[in-house]
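Order of the sequence lines sets the chain letters (A, B, ...), proteins ahead of strands, with each chain counted from 1. Side chains are part of it too, since the values below use all heavy atoms of this structure and drop only hydrogens, waters and symmetry mates. For clarity, every value in this text was computed on a predicted model and none was experimentally measured.
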Protein chains: 2
Amino acid sequence: MESTYDRLRELIVSGAYPPGQRITEQDLCVRLTVSRTPVREALHRLESDGLVRGERRGVSIVELDGKALADAYRIRAALEALTAELAAHRQLAGELPPAALTRLARLAEAADQTTTSGDLAAGVRHNRAFHRHVAVLADNPQALAMLDRIWDQIIVSTRASLAAPARPATVDEEHQRLITAISEGRPAEAATAARDHVLATLAAQPDPDTGGAP
Amino acid sequence: MESTYDRLRELIVSGAYPPGQRITEQDLCVRLTVSRTPVREALHRLESDGLVRGERRGVSIVELDGKALADAYRIRAALEALTAELAAHRQLAGELPPAALTRLARLAEAADQTTTSGDLAAGVRHNRAFHRHVAVLADNPQALAMLDRIWDQIIVSTRASLAAPARPATVDEEHQRLITAISEGRPAEAATAARDHVLATLAAQPDPDTGGAP
DNA sequence: TTGCGCTCGACTGCATGCAATGTATACGTT
DNA sequence: AACGTATACATTGCATGCAGTCGAGCGCAA
């Protein structure tokens, strides 16, 4: 059985409620056909997750502005650099089964193919699956959980401006560089590759506004 | 008014419930003199925070084992490297008021003095305040929030083995190196100093067991 | 005595009802 | 006509009651 929290989270992440949307508990009760108690609980947990924000009246889907989005990407870069480094280190220690690496390559290929073919939603999904698998290889469950949260936040806030990446070839190139660094057990290079890749993605955001004052 | 979630969190972080302790909602109801509804909600949020863990029956305070503790420290190292780098970068851009830096130095001194004088609890508190201020200077609220969560987890799981640091002088030396790197606007050095400092703290843990199998 | 099954109890999850609070609107006053 | 105030409504937070579920302890049989 799926919890109300999971269902609501899925709704938000999948874009059923656009960022900035104001929601009341009552609305969700009829939408999910449950009582207010589990809805209340779910909303508060999602607030801890940074997906919704408590307003004076009700809650609203968080929309990260330019600065907050840049902050999130920098965190993601730091964490993915860590997971990539750990994954490469495990490879160096001979702790990674070969199947895990071939799977990584397959995920990268799937991400590249779908993106190139124009299926943006599937491209994002496969891209995330690729990055997520790196974190799985790192064998650090807490880092994986944190990255999942950050990814959800970013997905919600960038869905509206989801456009065809102007540089699919570059993205795949960066993925390959990361795969190679991990496969050949070079932690430092893996970390750098992951960090640079994420920061490049940030730089490619349509409305950076990475500056300061509003 | 303080929410039940905040009160319960404070109880756990302050060590009122030792790690591994089994708790039922009913117990907390009488302890906090509230109904089960807010208690339930608080427990689930704390589970998201990684402070409690849902058991088959009730919940228990999480106790990170050697591997999980090492994982947490590595995440902390990565995030603190990021915040230190950002803080140094802001200093380079002239965005840091001088008062912020003097405050940083004062916090480091307080941490050093209390630790050296043998007041372990106060030492931990001041030490955390010092590190937290670096994250504040970084001006990345999400990173600050993540670090707060990690710190709470680490505090709960290391309270039992809280012993006098065998190397107070080294700790202060590392703090000074970090302060200098930030004050003089050297992001790369600040990042390295922060990372090394945290990883050194990990290495100083009494029961590392950073290896693999149990 | 030991192993298995059953029944009782405890605990969690959800729905509903009530009280408190803040907001928006409408009315009266200046 | 504009502003201040009061009232009514919407909405949140909490307490309580009920049903379902899982575990523990006890009894019975081999």
Q | Short side-chain N/O contact to D:dA15 OP1/OP2 from B:S35, under 4.0 Å | A |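 Checking D:dA15 against B:S35, a side-chain N or O does come within under 4.0 Å of OP1 or OP2.
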
Q.
Less than 4.0 angstrom between a side-chain N/O of B:R40 and OP1 or OP2 of C:dG13, yes or no?
A.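 True: B:R40 side-chain N/O within range (under 4.0 Å) of C:dG13 OP1/OP2.
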
Backbone N/O of [Y] and side chain of [X]: donor-acceptor pair under 3.5 Å:
| X | Y | answer |
| --- | --- | --- |
| B:R57 | B:T24 | no |
| B:H126 | B:A122 | yes |
| A:T33 | A:V30 | no |

If I take atom [atom1] in residue [X] and atom [atom2] in nucleotide [N], what distance separates them, rounded to the nearest angstrom?
| X | N | atom1 | atom2 | result |
| --- | --- | --- | --- | --- |
| B:Q26 | C:dG13 | CD | C1' | 14 Å |
| B:Y5 | D:dT12 | OH | P | 20 Å |
| A:E41 | C:dT12 | CD | P | 12 Å |
| B:D27 | C:dA10 | CG | P | 13 Å |
| A:E55 | C:dA24 | CD | P | 13 Å |
| B:L28 | D:dA15 | CG | P | 14 Å |
| B:L43 | D:dC14 | CG | P | 14 Å |
| A:R53 | D:dT12 | CZ | P | 17 Å |

Q. Quick one: the side chain of A:T37 and the base of C:dT16, do they pair up donor-acceptor inside 3.5 Å?
A.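 Answer is yes: a donor-acceptor pair is held.
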
**Q.** First encountered from the 5' end of DNA chain D, between B:R57 and A:R36
**A.**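 Its nucleotide being nearer the 5' end, the pick is A:R36.
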
(Q) Tell me if the centroids of the rings in A:H131 and A:H175 come within less than 6.0 Å of each other. (A)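 Under 6.0 Å, so yes.
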
